[in-house]
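Below is one structure, written out as structure tokens; comments come after it.
Each chain gets a letter, A, B and so on, in the order the sequences are listed, and its residues count up from 1.
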Amino acid sequence: MARYNAKESEKRWQDVWSSRGTFVASNTSDKPKAYVLEMFPYPSGRIHMGHVRNYTMGDVLARFRRAQGFNVLHPMGWDAFGLPAENAARDSGVNPREWTYANIAAMRRELQMMGLAIDWSREFATCDPEYYSQQQKLFVEFFKAGLVYRAEADVNWDPIDQTVLANEQVIDGKGWRSGAPVERKKLSQWFFKITEFSDDLLSALDQLDRWPEKVRTMQKNWIGRSEGLRFAFDLSNGEKLDVFTTRPDTLFGASFVAISPDHPLASALAKSDLKVAAFIEECHRTGTSEAAIETAEKLGYDTGITATHPFDPSWKLPVMIANFVLMGYGTGAIFGCPAHDQRDLDFANKYKLPVLPVVIPEGEDPKTFHVGKAAYVGPGKLANSRFLDGLDVDAAKNAAITRIENDGRGTRTVNYRLRDWLVSRQRPWGCPIPMIRCAKCGYVPAKESDLPVKLPDDLKFESAGNPLVSHPTWKHVDCPQCGGKAERETDTCDTFVDSSWYFARFTDPKSEKPVNAKAAAYWLPVDQYIGGIEHAILHLLYARFFTRGLHKLGYTNVDEPFTGLFTQGMVCHETYKGHNGEWLTPDEVEKRDGQAYLKGTNVKVTVGSSEKMSKSKKNVIAPESIIDVYGADTIRWFMLSDTPPERDIEWTDEGASGCWRFVQRIWRLIDESGELSAPGTKPGNVEGASLELRRATHKAIAAVTNDLENLRFNRAVAQIYTLAGAITDGVDPAAKREALEALTILCGPMMPHLAESCWECLGHKTLLVDAPWPKADPALTRSDSVTIGVQVNGKLRGSLEIARGSDNKSVETAALTLDGVVRALEGKAPKRVIVVPERIVNIVA
RNA sequence: GCGGGCGUGGUGGAACUGGUAGACGCGCCAGACUCAAAAUCUGGUUCCGCAAGGAGUGUCGGUUCGAUUCCGACCGCCCGCACCA
């Protein structure tokens, strides 16, 4: 008997799979297809436990589908553009390209050590010119299709990363990477017209029934659809002012009109009026963080301009500049109805504006109904509203809109919160935007024959700003249209563009076209996508947009990239602090007698809460260190055990050694299995312990299959433990073989190397990865008899072993004679006996 | 504030459409093997109680023959969004 040598075995099987091309996917097959994808990593240089968890889950599914007879696509690539490479270049003088490819090589090696069933022949990095040149083609095609435009806009500027950011990349007013408060700047930038699909991106969410509800809700809120009315006020200065409202029913309760401090009208007034300029300045100082908004006072400035009420030419409303009106939503201007909107009410109370209720809740008298500090936003009947009087809210909305439309003042509108996606980045390590600016022709796309617009190799990072701008030759080109002197766009694409279509490229990564429509038609959509919840909006929304763009251009026939989405939890670990409050790494700490000490000393260490593994808290465990000691199967098993995959998992040494012990236990079970039948023999009719084992085997097959189908890895693991525990000596050799083979196959997706070794040990000449998934025999997954509980008044008083299909009367009779039942009844006659067949008996006394 | 989720032993967590709460793992305890240790194996492990029995899934209430599961209120924790007109 020999211990299982994970190191040797894992290397050996990885070599076998690789040399046979086991996981190379074919684009033509009679089998049903399964596209399993995990979010591809940024090549930081080392894999972390989060990657291990993510890729293990995807791998289990890919291997499971393969065994089930699917043609599986399970590729891997690298999200390889981005700032860390530039930072490395600036700090250590390395070339960002070389730095990135060295990291990729290191991480590829680590991923391969995990034994992932990946088709490495399809691997690419987004910084490969072969990839980004295709992206440039797409950019030009999107441009020609009207999905890309350049516009001047108020944009978010990250002062640390020295670039603009998309709205989605600003979290609590701060840059998503740098954490620096973003500044507003007016700049001319490139946009993707994601709003072209606002309505579709929203309504299609309902069909994504294999997405987490949470992600769908977040996207719904981000897109933010609201129905209402857009109309124009006539202003006393002769201009018109557009406003958007969802409450046109409350127009007769209006007491002011307010515009955003960033509204063009406010800017225009500021030019000639210092007080307006000072007020706008003051609004900008308040900040946009959530805390600032929470406590911010409503600020207003009366412009002296008045607006004419749309239903009454003699009614004039003051036009105010108000800090709570956002330029980024609707038209940046509103009418204020204090009685029925809390913000308007707070504002009106501060500036002594009238508060006139026009929606009266049921049971209240319009003459006496009063709105104090809380605006009334509920249902009711209209009052004080002339032609709307007596209508309920919805009818009044319609009536008001109809009147406005008939007067030609406005239209019924659906307004979205979603803005177009700003994709220009003032960074050099990204996909160059393939546009050329000519003084005569304006912006002209680079010719397809001139693609790729390659990045120069000699980028200099010493000085601030974008090195593509300061590069001596790179940007100087001739205009593709007139041939005159022109300049390249020096901005690059947001790296989220790179990840918005990579899944489509995987279907044929060598294609001359961005996407091979035939390959995409075969493989897309991705059947199961797995990754972190942090991409709930950003990446997943952009990918949904891009897929619609690809559809529009004829590259695919689907709109949704991912039919199944799973968001896995994070990997956590205890934190440790020394006596000076400094963070300590797990290797600096040892535990004795339930107490933590600084390793090799008696200095006590404070054990803190379990947190997401991070460099800053030093609670990181390097996956490779675990693979070195225990092997890949152990770390994979750990990631799948105990904790449901969507929740955060805590890494513990005890858990890891427990997994390792189980690896050894399985190996011993097989290696020391004693007498077995020859491979391929089926068990005959057996009984007693052998039959029990067969039942346990088939129950496990059924349960594990169902659990893997539903990504309930932790339950599948528990089922496998149960089966392992049920395997005993002294049974029929064929029944035992059946159990051991099932155990091996069921372990296969999760611990593929161990399973392959076991399969070999069981005498098979073929590979386990080529073995089909077993089918549970329904006759064996149910026992002939069941043990049911017997309750008296809902309290358990005994149990009864009955044959399946026993009639209720005999079950009742048997139940009434149980000792515990007789005692509990104390001689009283039962009032009622409820028998739920094969489940429970409850006696009501 | 709005939206979503969660609360079960020492611990991670099981429990199908309401039907014997605590599967399985970790930890712990005891025993076997061993000169000893490691490894392994066997048994035990919700709490109170010697036992019979009692209590028990955040709290309080409801529906039900029966509630971790359904309903209401409350408490606590987590996540997302946030002056969205």
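Nucleotides U46(B) and A36(B) are separated by 32 Å at their P atoms, to the nearest Å. C16(B) and G3(B) have their C1' atoms separated by 30 Å, given to the nearest Å. G19(B) sits 23 Å from G7(B) when the C1' atoms are compared, rounded to a whole Å. G76(B) and U63(B) have their C1' atoms separated by 26 Å, given to the nearest Å. Taking the C1' atoms as reference points, G5(B) lies 16 Å from G58(B), given to the whole Å. To the nearest whole angstrom, the two P atoms, one in A39(B) and one in G27(B), are 10 Å apart. For the P atoms, the distance linking G31(B) with U69(B) amounts to 42 Å, nearest Å. Rounded to whole Å, the C1' atom of U57(B) lies 34 Å from the corresponding atom of C41(B).
Lys831(A) contributes no side-chain N or O that forms a donor-acceptor pair with the base of C65(B) under 3.5 Å. Judged by distance alone with a 3.5 Å cut-off, a donor-acceptor contact links the side chain of Arg417(A) to the base of C84(B).
Here Arg712(A) does not reach the OP1 or OP2 of G13(B): none of its side-chain N or O atoms lies under 4.0 Å away. The side chain of Arg343(A) contributes an N or O atom lying less than 4.0 Å from OP1 or OP2 of C84(B).
Residue contacts shown for Lys220(A) are absent, as no nucleic acid heavy atom lies under 4.0 Å away. Note on Arg797(A): only backbone sugar-phosphate atoms sit closer than 4.0 angstrom, heavy atoms only; bases stay farther off. When heavy atoms are screened at a 4.0 angstrom cut-off, Gln791(A) is found touching base atoms of the nucleic acid.
Here the side chain of Arg668(A) is nearest to one of C26(B), C41(B), C24(B), namely C41(B).
For the pair Arg3(A) and Trp667(A), the cation-pi criterion (under 6.0 Å, within 45° of the ring axis) is not fulfilled.
Looking at residues 832-845 of chain A, you'll see Arg832(A), Ile834(A), Val836(A), Arg839(A), Ile840(A), Asn842(A), Val844(A) sit with a heavy atom under 4.0 Å from some atom of RNA chain B.
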